[in-house]
Structures are given as C-alpha cells and as structure tokens.
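Shown next, in structure tokens, is the structure this report addresses.
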Amino acid sequence: MTALELSRLSKRYRDRHALRDLSLTVPEGCIFGLLGRNGAGKSTTINCVLGLIAPSAGKISIFGQQRTPALFERIAYLPEGTALEGFMTGREHAHLRASAFRSFDRLRFAELVERFEIDLSRRVRSLSKGQQQALALALVFAQGADLLMLDEPASGLDPVAQRLLLELIVQAGADGRTVIFSSHQIGDIERTVERFAILKRGTLALSGDLEEVRRSKAILEATLAAPPDAVRLRERIPAPYLVEDGVIRVYTDGNAPVIRAALATLEPLDIREHEMTLEDVFFEAVGDREEILK
Ligand code: ATP
C-alpha cells in the first residue's frame with residue numbers, strides 16, 4: 001500500500017516556481033527523508049500535502065485516497081518552528097491534542113515527556129527553543145497517527161534529544177507507521193531513512209532507496225603511476241572525476257565495471273572502490289561539485 005503519492009505537484013508564486021512537477025511515492029511503513037538546500041521546496045511539499053497551501057497543479061493521494069477531513073485524523077504534523085501557543089502550558093497543549101485526536105495516547109505522552117525531560121506546568125514561551133521542540137515532538141509521537149510529517153524535527157535539539165528523536169522515528173517505522181521528515185542534518189537522515197528524495201530549486205534531483213543508490217553510485221579511486229595527461233583522462237573516463245595528488249576519484253552511476261576497465265587502461269598502481277555516503281550523493285545531486293568536476 002502507498003502512504004503518499006505525489007503526481008506532478010507544482011506550486012507557483014507569481015512567476016517563481018517553489019515546486020515544479022514533483023512526483024514521488026512513499027510506501028506505507030517507510031521512513032522517508034526529504035533533503036535539499038535552503039529554499040529547495042521541502043516545506044512547500046509538506047504544506048501542500050497537508051492542505052496548508054494550495055498547489056498550482058498536480059495530484060496528491062494519501063493511503064490511496066483523495067484528502068478528506070477524516071484522513072487527517074491519521075496524520076500527525078510537526079511544523080517548522082513548532083507553532084505551539086506561547087501562553088499555554090505543555091499540559092494544556094496535551095489536553096487540546098487529546099480532544100482533537102481520538103487516537104492521542106496520554107500514557108505514551110507521559111512517557112515521552114519524561115524521556116525528553118519536559119516540565120509540563122510551564123508556559124511554552126518560558127521554555128527554551130529545544131524544550132519547545134521536544135514538547136512538540138512528544139505531542140506528535142503520542143498522537144497515534146499512521147503518517148507522521150515532520151518538518152525539521154531535529155531543529156534546536158541537543159545531542160541527547162536528537163538521539164531520542166532518531167530512536168522514535170526508527171521505532172515508528174518498525175511499528176508500521178510512515179514517517180516523512182525533512183532535515184539539514186544529512187547524518188540523521190542517513191542513519192534512519194530507507195528512501196529519500198533530494199530537491200533542487202523545486203524539482204526532484206534524485207530519489208530512491210538509500211542502499212540501492214549508494215551501491216549504484218560507488219566511487220572508484222586509482223593511484224596514477226605518472227602525472228595525468230588531462231586530455232587523455234577526458235577521453236578515457238566516461239564519468240565525472242576529480243584528480244588530486246596523483247589520485248583520480250571517479251563518480252560512477254550504475255557503470256562501475258565500465259569505469260574500472262577504463263581506469264585499468266591508465267595502468268594505475270591500484271584501484272579501490274568506496275560506497276558513497278549520503279552526503280556524497282547529496283552534493284552530487286545538488287550540483288555543488290559541478291565546477292570542479294569534469
Ligand atoms: P528551508 O530549508 O530553508 O526551510 P525549504 O526547502 O523548506 O527551505 P520552502 O520553504 O519550501 O523551502 O521554499 C521554496 C521556495 O518557495 C523558496 O524559494 C521560497 O522563497 C519560496 N516561497 C515560499 N513561500 C513563499 C511565499 N509565500 N511567497 C513567495 N515565495 C515563497
């Protein structure tokens with residue numbers, strides 16, 4: 001079953017596209033990471049899904065259905081910057097959430113409050129930024145939703161709270177819930193997600209299964225015996241590469257055997273293969289290496 005399907009989703013503000021033709025599928029029970037530089041369209045995507053902003057074009061379906069008010073009972077949302085009321089206490093927020101969502105689990109909330117060490121008697125505005133974020137997370141994870149949409153959930157959290165958040169995300173996935181979250185912290189995403197999408201200026205730069213993408217995009221590194229001849233390298237290596245201190249690093253994309261054979265014709269001292277990290281994949285997808293690569 002598909003938890004979320006976006007089909008050619010677009011959002012335009014006057015002449016500027018915040019999102020353009022975004023198509024994505026998130027299977028049920030999947031932990032899905034949304035990555036992209038500032039302004040890439042992550043929040044716009046989440047807000048379109050939740051009906052907080054109206055898309056200019058495209059289709060959205062959640063659990064195979066068009067969005068209806070009843071469907072929102074199954075979705076928990078953490079907005080960027082929490083959106084909690086400053087004059088209310090944590091306890092008052094919990095009462096409000098429990099009256100809005102039948103599936104809100106008060107025992108689970110109490111347990112999360114204890115783990116995040118939140119003082120529920122204090123007004124939100126007197127809590128630190130990180131404590132406010134932790135309160136918002138405890139409310140979201142206690143909601144009992146089937147789909148969690150978290151916009152920058154790690155924002156403002158200390159390392160202990162961040163680790164707890166990652167644990168909660170992984171546990172939610174193991175319980176069969178679907179978690180979609182955006183983050184600037186690539187390491188967090190890499191440690192938790194099964195699938196991901198990288199947005200670049202409102203369009204999809206890359207998406208897929210993290211393990212599959214990492215495997216298909218291995219980096220081949222060879223130590224060259226003699227200083228490289230730039231023209232010869234360009235002719236022989238049919239992929240983007242970098243040369244530094246007599247070592248050539250080639251970024252493969254499902255064509256590692258071909259590249260390995262091409263490297264061998266240069267008669268290098270050795271050839272090594274490395275899996276790409278998500279950070280490598282990210283930099284390649286958003287094109288920040290363009291200037292230095294062939
Ligand atoms: P960040 O990581 O900085 O939170 P993001 O990936 O979530 O960024 P969005 O907030 O989705 O990015 O913004 C995508 C683009 O849409 C940006 O260029 C932004 O300036 C533009 N945008 C967002 N809201 C509006 C608006 N109300 N009017 C005009 N442009 C907007």
Side-chain angles (χ1 to χ4, degrees), residues 3-6 9-11 13 17-27 29-53 55 58 60 62 75-84 129-130 132-134 136-137 139-141 143 145-157 161-170 172-173 177-210 213 277-279 281-288:
L4 175 68
E5 186 155 12
L6 307 182
L9 190 69
S10 296
K11 175 66 188 175
Y13 291 103
H17 272 93
L19 273 186
R20 193 196 292 256
D21 277 342
L22 177 65
S23 296
L24 271 185
T25 302
V26 181
C30 176
I31 302 176
F32 191 96
L34 262 183
L35 284 163
R37 298 192 56 192
N38 292 127
K42 303 179 296 293
S43 298
T44 305
T45 305
I46 293 174
N47 292 340
C48 283
V49 170
L50 292 160
L52 299 170
I53 54 179
I60 300 168
I62 301 176
I75 304 174
Y77 168 49
L78 178 88
E80 203 173 6
T82 79
L84 296 175
K129 190 167 172 283
Q132 292 183 20
Q133 186 76 2
L137 284 167
L139 290 163
V140 158
F141 278 95
Q143 197 181 304
D146 297 319
L147 172 61
L148 288 87
M149 305 275 300
L150 313 176
D151 201 348
E152 290 291 338
S155 168
L157 296 181
Q162 269 180 41
R163 183 170 291 186
L164 176 53
L165 165 66
L166 297 188
E167 208 181 289
L168 294 174
I169 290 175
V170 170
R177 302 178 199 280
T178 309
V179 185
I180 299 175
F181 73 105
S182 68
S183 180
H184 290 118
Q185 281 145 332
I186 295 176
D188 286 354
I189 293 220
E190 187 155 34
R191 277 195 290 279
T192 48
V193 307
E194 289 140 7
R195 299 182 69 81
F196 69 97
I198 298 175
L199 300 181
K200 181 181 179 182
R201 285 186 229 111
T203 60
L204 185 64
L206 183 71
S207 72
D209 177 285
L210 179 59
V213 170
T277 63
L278 184 59
E279 191 168 6
V281 174
F282 178 80
F283 281 119
E284 195 192 47
V286 300
D288 285 13

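Remember, it's a predicted structure, so these values are computed and weren't measured experimentally.
Contact check for Val26 versus Thr178: side-chain heavy atoms found under the 4.5 Å cut-off. Using a 4.5 Å heavy-atom cutoff, the side chains of Leu206 and Lys200 are not in contact. A 4.5 Å side-chain heavy-atom check between Leu147 and Met149 finds at least one atom pair inside the cut-off. Residues Asn47 and Tyr77 have side chains in contact (heavy-atom distance under 4.5 Å, counting atoms from C-beta outward). Between Ile180 and Leu148, every side-chain heavy-atom pair lies at or beyond the 4.5 Å cut-off.
Formation of a donor-acceptor pair under 3.5 Å by the Lys42 side chain with backbone atoms of Gly36 is found in this model.
For the pair Gly41 and Leu19, the tightest heavy-atom approach, listed with the atom from each and the gap, is O-CD2, 3.8 Å. In this structure, Ala205 and Ala285 approach most closely via the heavy-atom pair CB-O, 3.7 Å. Contact record, Val193 with Gly33: CG1-N, 3.5 Å, taken as the closest heavy-atom pair. Nearest heavy-atom pair, Lys11 versus Pro55, reported as atom, atom and distance to 0.1 Å: CD-CA, 4.2 Å. Looking at every heavy atom in both residues, Phe32 comes nearest to Phe196 through CZ-C, 3.8 Å. Taking both residues in full, the closest heavy atoms of Gln133 and Ala154 are given as NE2-N, 4.4 Å, listed atom of the first, atom of the second, then distance.
Separation of atoms SG (Cys30) and CZ (Arg195) is listed at 6.5 Å; rounding is to 0.5 Å. Remark: Glu190 CD to Leu35 CG distance equals 10.0 Å, nearest 0.5 Å. In this structure, Leu6 CG and Ile62 CD1 are separated by 9.0 Å, a value rounded to the nearest 0.5 Å. Taken from OG1 in Thr44 to CG in Leu52, the straight-line distance is 11.0 Å, to the nearest 0.5 Å. Rounding to the nearest 0.5 angstrom, the gap separating the CG atom in Leu24 from the CG atom in Leu204 is 5.5 Å. Atom NE2 of His184 sits about 8.0 Å away from atom CZ of Phe282, to the nearest 0.5 Å.
With sequence neighbours left out, Ala136 forms a side chain to side chain contact (heavy atoms under 4.5 Å, CB included) with Leu78, Thr82, Leu84. Considering only residues two or more places apart in sequence or on other chains, Thr203 meets the side-chain hydrogen bond (donor to acceptor under 3.5 Å, both in side chains) condition with none of them. With sequence neighbours excluded, the residues that form a side-chain hydrogen bond (donor to acceptor under 3.5 Å, both in side chains) with Ser182 are Asp151. Considering only residues two or more places apart in sequence or on other chains, Glu194 meets the salt bridge (charged side-chain N to carboxylate O under 4.0 Å, His left out) condition with none of them. Not a single side-chain hydrogen bond (donor to acceptor under 3.5 Å, both in side chains) links Gln185 to another residue, sequence neighbours left out. With sequence neighbours excluded, the residues satisfying salt bridge (charged side-chain N to carboxylate O under 4.0 Å, His left out) with Arg191 are Asp188. Gln162 is linked by a side-chain hydrogen bond (donor to acceptor under 3.5 Å, both in side chains) to nothing, counting only residues two or more places apart in sequence or in another chain. Residues passing the side chain to side chain contact (heavy atoms under 4.5 Å, CB included) test with Ala172 are Phe141, Arg177, Val179, sequence neighbours excluded. A search for side chain to side chain contact (heavy atoms under 4.5 Å, CB included) contacts involving Thr25 returns Thr2, Glu5, not counting sequence neighbours.
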Practice item. Walk me through it: do Leu150 and Ile46 pass the test side chain to side chain contact (heavy atoms under 4.5 Å, CB included)? Key: CA-CA 8 Å; Leu150 313 176; Ile46 293 174; over 6 Å; no

**Study point:** Derivation of the side chain to side chain contact (heavy atoms under 4.5 Å, CB included) call for Lys129 and Ser155
**Key:** CA-CA 9 Å; Lys129 190 167 172 283; Ser155 168; 3.5 Å; yes

Check your understanding: Step by step, would you call Phe181 with Ile189 a side chain to side chain contact (heavy atoms under 4.5 Å, CB included)?
Key -> CA-CA 9 Å; Phe181 73 105; Ile189 293 220; 4.0 Å; yes

Check your understanding: Would Leu157 and Leu137 satisfy side chain to side chain contact (heavy atoms under 4.5 Å, CB included), going step by step from the backbone distance to the final call?
Key -> CA-CA 11 Å; Leu157 296 181; Leu137 284 167; 3.7 Å; yes

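Residue pairs meeting the salt bridge (charged side-chain N to carboxylate O under 4.0 Å, His left out) criterion with at least one partner in residues 18-27, sequence neighbours excluded, are Arg8-Asp21.
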